[in-house]
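Just follow the structure's listing: the first ligand is 1, and inside any ligand the first atom is 1. Residue numbers start at 1 and run along the sequence shown.
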Amino acid sequence: MNNLTIKYNELTAEEFISLWESVWDGAPSLEQTELAMQNTIFRVSVYDGDKAIAMARMIGDMGLCYYIKDVVVRPEYQGKGIGRMLVNELLKFVNDNGIKGTQVFVELAAVPDKIPFYEKIGFTTNEAQRLKIMYEVK
Ligand SMILES: CC(C)(COP(=O)(O)OP(=O)(O)OC[C@H]1O[C@@H](n2cnc3c(N)ncnc32)[C@H](O)[C@@H]1OP(=O)(O)O)[C@@H](O)C(=O)NCCC(=O)NCCS
């Protein structure tokens, strides 16, 4: 833990895919991920030496809506406060970049067993349901 470093907007597509594969199946392609990294408004990543061990990113319009995506901590580093630190870094980004004195939506989708993690950071659930379509780009 002592050697961990944090970086801003340096997470690469390769690191993203490696972190994804540490917790989920079906990682996206390098091409799709590179485009996504370019268009992400804020990326946070944590390193143990040279190895990326955690990430989180924010997408959004900066004015009204921010959306948290892909909060991942490698399994062997979980339970040490890194996930909370990442989400707090994303919230700091909102505070640093939003228009002072306004309220903005900071949203995310979480599977049920991850909801308590976000609740501990201050998020609340509401009655809205997540709708999605996996749209095929032709
Ligand atoms: C969810 C995740 C990011 C949490 O990261 P983490 O570094 O293990 O979490 P932290 O150590 O910062 O935990 C912060 C607090 O949340 C709690 N917490 C973490 N995961 C939890 C869970 N699944 N259920 C209940 N509480 C949880 C911790 O116990 C801790 O509580 P405390 O402050 O009272 O001690 C991590 O488990 C992960 O990468 N999971 C796989 C990917 C994933 O599902 N990401 C979320 C996408 S919605």
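Under 4.0 Å is where a charged nitrogen must lie from a carboxylate oxygen, and between K7 and E89 no such pair does.
Here the side chain of N9 pairs a donor or acceptor atom with the backbone of R43 at under 3.5 angstrom.
V72 places none of its side-chain heavy atoms less than 4.5 Å from the side chain of W20. Looking only at side-chain heavy atoms (C-beta outward), F105 and L64 stay at 4.5 Å or farther from each other.
For a heavy-atom separation below 4.0 Å, the residues in contact with ligand 1 are V23, W24, V71, V72, V73, Q78, G79, K80, G81, I82, G83, R84, A109, A110, D113, K114, P116, F117, Y118, K120.
Under the salt bridge (charged side-chain N to carboxylate O under 4.0 Å, His left out) criterion, the residue pairs touching residues 91-106 are K92-D96, with sequence neighbours excluded.
Of the options L90, N97, N95, a side chain to side chain contact (heavy atoms under 4.5 Å, CB included) to F93 is made by N97 and by none of the others.
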